[in-house]
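By convention in this document, chain letters (A, B, ...) are assigned in the order of the sequence lines, proteins followed by strands, and residues within each chain are numbered from 1.
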2 protein chains.
Amino acid sequence: MSTCVESNITNHLIEHLPEQERLLLLSHCELVVLQFGTVLCEHNEGYSYLYFPMSGFISLVTKLPPHKPLEMGVIGNEGMLGVTMVLGLPTVPMQAVVQGKGTAWRIGVGELQQVLQQCPQLRSTLMQYLFILMQQLSISAACAHFHELDQRLARWLLMSQDRAHSNEFHLTHQFLADMLGVRRSGVTVAAGVMQQNNLIQYSRGKINITNRNALEKVSCTCYQKSLDDYKRLLGQPSRDSERRLLTEQGTP
Amino acid sequence: MSTCVESNITNHLIEHLPEQERLLLLSHCELVVLQFGTVLCEHNEGYSYLYFPMSGFISLVTKLPPHKPLEMGVIGNEGMLGVTMVLGLPTVPMQAVVQGKGTAWRIGVGELQQVLQQCPQLRSTLMQYLFILMQQLSISAACAHFHELDQRLARWLLMSQDRAHSNEFHLTHQFLADMLGVRRSGVTVAAGVMQQNNLIQYSRGKINITNRNALEKVSCTCYQKSLDDYKRLLGQPSRDSERRLLTEQGTP
DNA sequence: TCAGGTATGTGCGCTATAACACGTATAGCG
DNA sequence: CGCTATACGTGTTATAGCGCACATACCTGA
């Protein structure tokens with residue numbers, strides 16, 4: 001069963017390519033494991049590898065000392081880490097941390113540049129994704145400024161679930177607080193309310209989404225807006241089919 | 001005197017190009033006036049022209065109904081409006097409004113695409129500027145979330161002055177409030193304190209910066225960080241020489 | 001089995017800002 | 001010259017989230 005799911009999960013950007021380009025790109029990639037908590041890229045430092053997650057997900061986090069961190073975007077199998085490479089700049093203005101373990105295709109900076117020469121469609125896809133990322137940044141900014149903790153928490157859980165490919169994933173309150181740029185105890189209170197209303201269930205870092213529909217109602221519209229922005233340029237990620245698979249498994 | 005200043009103010013991105021490319025680009029541009037309040041581009045709609053301001057400045061504003069607007073970046077003679085064009089996408093995920101009147105070089109979308117084919121250095125410069133814009137977005141996001149009204153107001157005034165090429169410019173409290181995503185009366189209070197401390201002086205929309213050094217101290221570090229991010233990739237904009245000129249004029 | 005780390009629950013006082021409301025002054029127009 | 005819109009000043013109440021502090025529950029390993 002589990003292998004069945006694995007084989008269905010690919011990276012949507014790669015899937016999106018014509019076969020020729022896809023094969024060329026993959027011939028330069030190697031399969032790596034994304035381990036929870038790994039920092040793939042430090043804030044404002046260059047990177048040597050780019051990652052196309054297939055499962056698991058990566059957070060983009062800004063740091064503005066002496067303040068808490070603040071998450072600006074999430075990268076799962078619908079995107080990639082290091083897309084600024086199409087600008088010729090192997091830097092990302094944020095820290096990239098693995099938030100959900102999984103697997104990814106990895107390629108070196110130099111090799112991608114070579115591949116890009118021969119793959120116009122890849123180039124164009126990455127440019128579109130970069131644009132989407134900019135949209136996400138501006139949504140996140142406004143969301144963090146105007147929306148309240150419970151709405152933002154709901155959104156974050158939904159986005160994580162979309163990318164975790166599981167109803168259950170590992171997130172402590174402290175971690176969520178760092179992503180949302182708020183106090184840990186604030187998250188505890190908001191999550192407590194959600195648990196009382198049976199939207200989620202958690203214990204010592206293991207969060208389980210029990211009522212996704214209700215969670216979508218609590219969330220701010222930024223969640224839907226993000227999905228729409230993505231779909232407009234790059235189409236529907238494979239999210240839905242995976243959800244169906246998961247639901248079949250989810251009640252054993 | 002005033003003409004002397006005018007002739008010294010150019011667009012830094014254009015200045016940055018080798019002569020050959022600069023002349024080719026300019027041969028496709030026309031000179032236009034940026035009138036205060038003009039909306040050059042609506043939120044999430046395509047644009048037909050790109051602008052390289054020489055004086056005056058343009059704000060990039062996100063809108064998340066039903067909330068107030070929130071400014072994410074400012075474009076003056078150090079940048080351009082429509083840089084997403086290097087991604088092949090003539091859209092900007094924000095509204096663009098003229099906040100300070102001035103003049104700009106304007107070029108059509110199709111023409112720029114032609115010119116880009118022949119100008120590798122232009123392409124690379126625009127890519128660098130796009131990267132800088134992304135950095136600005138993430139700084140603005142964190143700044144709006146963590147920093148307080150007075151700090152943010154100070155930063156905004158400094159950034160405006162840098163791009164207005166004048167110690168005095170037109171900004172009502174309501175306008176500032178919309179940029180900062182806060183209440184109008186909050187701005188009134190913060191600006192009142194600054195006026196009492198002789199940092200600024202204002203009356204019915206005309207704001208005059210009287211003590212720039214002190215204003216820089218009140219501002220959050222995001223102001224300096226923005227400048228640094230720009231300088232790292234594209235060097236020092238012509239800001240300083242202009243400041244000197246202005247100061248000579250400033251005390252008649 | 002006990003200690004110590006990790007995760008979560010809860011409370012208290014404080015501050016910034018929201019929402020709303022109303023008062024005052026100035027410019028510019030008829 | 002006076003009207004009116006615009007710009008600015010001020011106040012009152014409510015609340016979300018902060019900083020800090022401490023209590024409780026659970027896991028894990030010596």
> Does any pair with a residue in residues 41-78 of chain A pass ring-ring contact (aromatic ring centres under 6.0 Å, His included), and if so which ones, sequence neighbours excluded?
His67(A)-Phe146(B), His67(A)-His147(B)
> Rounded to the Å, how far apart are Phe146(A) CZ and dA18(C) P?
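Taking CZ of Phe146(A) and P of dA18(C), I get 9 Å after rounding.
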> Just do the side-chain contact (heavy atoms from CB on, under 4.5 Å) check on Met72(B) and Val61(B) with the steps written out, would you?
CA-CA 6 Å; Met72(B) 299 295 298; Val61(B) 181; over 6 Å; no
> Ignoring the backbone of His173(B), work out which of dG9(D), dA7(D), dT17(C) is nearest its side chain.
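Closest nucleotide to the His173(B) side chain: dG9(D).
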> Using only atom types and a distance under 3.5 Å, with no angle test, would you say the side chain of Gln174(B) pairs donor to acceptor with the backbone of Thr172(B)?
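A pair under 3.5 Å: no.
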> Send over the distance from His147(A) NE2 to dA18(C) C1', rounded to a whole Å.
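Computing the His147(A):NE2 to dA18(C):C1' distance gives 15 Å.
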> Nearest to the side chain of Thr188(B), which nucleotide is it out of dG9(D), dT10(C), dA18(C)?
dG9(D)
> Quick one: pull up NZ in Lys206(B) and CD in Gln201(B) and give me the separation to the nearest 0.5 Å.
12.5 Å
> Quick one: what's the B/S/- string for nucleotides 19-30 of chain D, heavy-atom cutoff under 4.0 Å, read 5' to 3'?
BB----BBS---
> For the pair made of CG in Leu180(A) and P in dA16(D), what is the distance, rounded to whole Å?
17 Å
> Would you give the length of the straight line joining atom CD1 of Ile75(A) to atom CG of Leu60(A), rounded to the nearest 0.5 angstrom?
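So the CD1 of Ile75(A) and the CG of Leu60(A) are separated by 4.0 Å.
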> Can you measure Glu148(A) atom CD to dT17(C) atom C1' for me and round it to whole angstrom units?
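Checked: the CD to C1' distance equals 12 Å.
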> If you pin Val189(B) and Gly186(A) to their nearest nucleotides in DNA chain D, which one's is more 5'?
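Its nearest nucleotide lies further toward 5', so the answer is Val189(B).
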